Undergrad: 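Please find one structure pasted underneath; my questions will follow.
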Amino acid sequence: MSQWSLTTELLMFDSLEAFQQDPSVCETAARLVMCACGTHEPQFYGKQIEYTTKGNIIADWDSYEDHEKVLNSPLFPVVKETLLKETIISWDTTVTYHTIFSARPIALERPITEVTVLTLKAPGNRQEVVEILTTISERTENMFVFGVEHDNDQKYLALCGWESVEAYNEAVSKPEVADILERLWSLADRNYHYLTQLSKVYRSDST
């Protein structure tokens with residue numbers, strides 16, 4: 001697998017109507033964050049396809065510690081207030097995960113991105129779960145990537161890119177894929193699993 005060292009933050013939330021109508025309302029907050037040291041552009045944001053009131057923002061950092069510095073800086077209250085104006089219903093609805101993916105997450109660049117958060121049903125399942133995830137990643141030439149969650153090593157985050165919802169449905173219905181997924185879900189629980197359409201935001205409008 002290729003070397004990838006950035007820490008990816010996944011922020012999920014219940015969204016306000018303004019975001020549901022136009023997800024780009026979160027770009028102001030994203031640009032504020034990208035002013036901080038240790039951030040990377042672009043950031044990605046979008047609604048879940050099935051549950052359109054659910055939103056997500058995905059950002060890369062040099063390290064988890066760089067993100068922590070922002071959370072403890074005077075910048076964060078400004079970012080939080082900006083998000084609560086038009087994007088997020090309540091900070092209590094937010095869920096945040098961090099991971100270092102197994103390779104560069106090119107899935108974020110595809111028309112549809114599949115997001116999965118899974119938890120081992122037993123610690124002893126780790127080796128087989130990692131073997132399954134690694135096999136999927138290799139077979140998809142890193143269109144599927146995964147990584148252990150920073151704060152809970154029993155959890156894994158995974159991304160997979162698709163050309164369309166139809167392409168995803170067709171792929172997972174194939175017997176050989178269905179068998180692999182059935183085995184995976186016998187070893188791990190799906191905490192979150194959804195498809196999303198993501199847009200990019202850069203530090204400046206001109207990028």
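It should be emphasised that the depicted structure is a prediction, and the values quoted were computed from it without experimental measurement. Quick note: numbers below take in every heavy atom, side chains included, and nothing from hydrogens, waters or symmetry partners.
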Undergrad: Write down the atom of Gly55, the atom of Phe19, and the distance for their closest heavy-atom approach.
TA: CA-CE2, 3.9 Å

Undergrad: What heavy-atom pair brings Ser102 and Ser137 nearest, and what distance separates the two atoms?
TA: OG-OG, 4.2 Å

Undergrad: How long is the straight-line distance from CG of Leu184 back to CD of Glu128, given to the nearest 0.5 Å?
TA: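 If we round to the nearest 0.5 Å, Glu128:CD and Leu184:CG are 9.0 Å apart.
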
Undergrad: If you round to the nearest 0.5 Å, how far is CG of Leu83 from CD1 of Ile89?
TA: 13.0 Å

Undergrad: Short question: side chain of Thr113, backbone of Ala107 - any donor-acceptor pair under 3.5 Å?
TA: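 The answer is yes, because a donor-acceptor pair under 3.5 Å joins these two groups.
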
Undergrad: For Phe146 and Thr134, work out which heavy atoms get closest and say how close.
TA: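 The pair with the smallest heavy-atom distance is CZ-OG1, 3.4 Å.
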
Undergrad: Are any non-hydrogen side-chain atoms of Asp60 and Phe101 less than 4.5 angstrom apart?
TA: no

Undergrad: To check you understand the geometry: which heavy-atom pair defines the closest contact between Asp189 and Lys121, and what is its length?
TA: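 Heavy atoms of Asp189 and Lys121 come nearest at OD1-CE, 2.9 Å.
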
Undergrad: Just verifying a value: how many Å separate Glu182 CD and Leu187 CG, rounded to the nearest 0.5 Å?
TA: 11.0 Å

Undergrad: Taking all atoms of both residues into account, what is the closest heavy-atom pair of Ile106 and Asn142, and its distance?
TA: CG1-O, 3.5 Å

Undergrad: Does the side chain of Glu149 reach to within under 4.5 Å of the side chain of Gln154, using non-hydrogen atoms?
TA: no

Undergrad: Scan residues 27-49 for pairs that pass ring-ring contact (aromatic ring centres under 6.0 Å, His included), counting only residues two or more places apart or in two chains.
TA: none

Undergrad: Return the set of residues passing side chain to side chain contact (heavy atoms under 4.5 Å, CB included) with Gln48 (not counting sequence neighbours), or none when no residue passes.
TA: Tyr51, Lys54, Tyr194

Undergrad: Would you say Tyr168 and Cys160 make side-chain contact, with heavy atoms under 4.5 Å?
TA: no

Undergrad: Kindly indicate whether the side chain of Thr8, heavy atoms from C-beta on, has any atom under 4.5 Å from the side chain of Ile58.
TA: yes

Undergrad: Decide yes or no for Arg31 and Gln43: does some side-chain heavy atom of the first lie under 4.5 Å from some side-chain heavy atom of the second?
TA: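 Not in contact.
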
Undergrad: Mind checking whether Arg183 and Ile132 have side chains closer than 4.5 Å, heavy atoms only?
TA: yes

Undergrad: So, are Lys200 and Glu41 salt-bridged, with charged N and O less than 4.0 Å apart?
TA: no

Undergrad: Shared ILVMFWY cluster between Leu181 and Met143, side chains joined below 4.5 angstrom?
TA: no

Undergrad: For a quick test of reading the model, state the closest non-hydrogen atom pair linking Val117 to Leu157 and the distance between them.
TA: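 So the minimum-distance heavy-atom pair works out to CG2-CG, 4.3 Å.
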
Undergrad: Do Lys69 and Glu65 pass the salt bridge (charged side-chain N to carboxylate O under 4.0 Å, His left out) test, and can you show the C-alpha distance, the side-chain angles, and the key distance before you say yes or no?
TA: CA-CA 6 Å; Lys69 288 177 184 177; Glu65 290 70 27; over 6 Å; no

Undergrad: Run Leu6 and Asp62 through side-chain contact (heavy atoms from CB on, under 4.5 Å) and show every step you take.
TA: CA-CA 5 Å; Leu6 299 185; Asp62 281 339; 3.9 Å; yes

Undergrad: Should Val129 and Leu133 count as side-chain neighbours, where that means a heavy-atom distance under 4.5 Å?
TA: yes

Undergrad: Walk me through it: do Val70 and Trp61 pass the test side-chain contact (heavy atoms from CB on, under 4.5 Å)?
TA: CA-CA 11 Å; Val70 171; Trp61 298 81; 3.6 Å; yes

Undergrad: Should Glu170 and Lys174 count as an ion pair when the cut-off is N to O under 4.0 Å?
TA: no

Undergrad: Do the side chains of Val79 and Tyr202 join up, straight or via other hydrophobic residues, at under 4.5 Å, putting them in one cluster?
TA: no

Undergrad: With the side chain counted from C-beta on, respond yes when Thr52 and Gln20 share a heavy-atom pair under 4.5 Å apart, and no when they do not.
TA: no

Undergrad: Listing request: all side chain to side chain donor-acceptor pair (under 3.5 Å) pairs with a residue in residues 73-98, at least two apart in sequence or in separate chains.
TA: His67-His98

Undergrad: Any sub-3.5 Å donor-acceptor pair from Thr99's side-chain atoms to Val148's backbone N or O?
TA: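 It does hold such a pair.
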
Undergrad: Roughly how far apart are Asn152 CG and Asn191 CG, rounded to 0.5 Å?
TA: 9.0 Å

